[in-house]
Amino acid sequence: MANRHDFKTEAEALQAQLVAWRRDFHMHPELGFEEHRSAGIVAEQLRVLGYQVQTGIASTGVLGLLKGARPGPVLAARFDMDALPITEENEVEYASREPGLMHACGHDAHMAIGLGLATLMAQQRDEIAGTLMLIFQPGEEGMNGAEVMVKEGVLADPRPDVFLAAHVWSDSPVGTINVSSGPVMAAAERWACTVTGKGGHGALPHQTIDPIVAAAQIIGVLQTIVSRNVSPQETAVVTVGAIQGGDAFNVIPAQVTMSGTIRTYNPNVREMVIRRVREVVEKTAAACGAQANLNIEQLTPAVINDAEIAQIVHSAAETLVGADHVFSGERTMGSEDAAYFMEQVPGCYFFLGAGPPGQEAPAPHHNPRFDIDEAVLSIGVAILAQTLAYYLLRQ
Ligand code: NI
């Protein structure tokens with residue numbers, strides 16, 4: 001591995017520019033598939049740096065290609081661009097200028113890190129053996145922009161050999177990096193059902209089929225899927241997030257509607273839990289004399305890191321921030337559509353500690369007071385460059 005580079009110093013030299021980019025994106029947040037301004041800035045910067053640029057993938061997605069002087073592997077790194085429908089409550093000079101919109105997940109930082117990485121790698125072009133693909137993705141927040149980009153062929157030509165993505169993480173202090181092999185983000189489904197019975201007088205239940213009682217049974221039996229069907233060594237969640245039924249104290253309604261989510265890591269467990277949710281909802285309703293109509297929508301697969309690539313990221317992280325600042329085991333049952341890239345290409349998705357110093361409980365992601373310590377920007381650039389160097393700057 002080429003260790004002539006001191007990526008920490010090289011990335012730190014970009015810090016003022018990284019902060020300027022991040023704050024500009026932060027002030028001008030855009031929702032998924034509407035990132036026209038952000039994508040425009042990204043595409044322009046990549047062109048200036050000499051990247052081959054393709055725009056308009058999945059509406060606002062941007063692909064930047066940097067072909068090295070010699071042949072070699074194709075490395076992809078992904079940066080998401082969308083903001084959230086949240087009104088910012090931070091009183092900072094770089095607060096959102098768009099009422100009702102906010103970069104409350106740190107994707108502004110991701111774009112800045114992506115441009116910083118683009119800058120740093122363009123400087124090494126003559127030494128690069130292989131190709132760097134920078135993917136700026138629209139619509140990560142529940143919109144599956146990654147799936148659309150994959151469908152539109154972003155991974156087709158060239159086909160990446162390795163995929164990398166990092167997320168700033170306000171839960172962990174800045175200067176720490178968390179890299180794990182195996183699952184780090186869950187597969188997610190959205191389910192919704194209507195339980196239909198027969199309405200009637202609240203005092204004459206024998207003349208009705210009570211969908212409220214049926215729904216209550218269903219909710220109870222759903223709890224046994226994780227506790228009785230899933231192995232204690234596996235991980236799963238079945239949540240009922242909404243229930244509606246009835247308007248009056250003395251009326252048994254005809255219908256109850258419910259919806260919720262399923263989260264799993266292991267694809268076999270995923271399949272089993274989906275099957276069991278269907279059985280429980282339909283058969284419990286039937287046992288109550290009611291009828292259930294269930295729809296389960298599969299949203300994203302799990303993000304599962306390749307062990308070997310995770311090891312390479314891990315040692316790159318140790319080089320940069322020291323072994324005592326590198327951790328493993330950060331996993332969430334949240335979902336992330338990078339999974340669509342990682343179904344196709346082995347990769348590693350890892351977390352960059354971004355918690356502002358001195359704050360014991362920083363505002364969580366998707367909170368109106370979410371913010372990051374901007375020191376994470378140059379760390380993000382450096383860790384990605386250090387990892388890419390392992391593959392692209394070998395002598
Ligand atoms: Ni995010």
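Residue numbers start at 1 and run along the sequence shown. These numbers were taken from a predicted model, which means no experiment stands behind them. Ligands are counted one by one from 1 in listed order, and the atoms in each one are counted from 1 as well.
In this view, Ala156 satisfies the side chain to side chain contact (heavy atoms under 4.5 Å, CB included) rule with no residue, not counting sequence neighbours.
Using a cut-off of 4.0 Å between Lys/Arg side-chain N and Asp/Glu carboxylate O, Arg22 and Glu374 are scored as salt-bridged.
The closest approach of His167 to the Ni ion (ligand 1), by N/O/S atoms, is made by NE2.
Using bins of under 30°, 30° to 60° and over 60° for the plane-to-plane angle, the ring pair His167/Tyr349 lands in the tilted bin.
Among the atoms of His110, no N, O or S atom falls under 2.8 Å of the Ni ion (ligand 1). Within the 2.8 Å limit, His365 places no N, O or S atom next to the Ni ion (ligand 1).
Judged purely by atom type and a 3.5 angstrom limit, Asn250 has no side-chain atom pairing as donor or acceptor with the backbone of Gly202.
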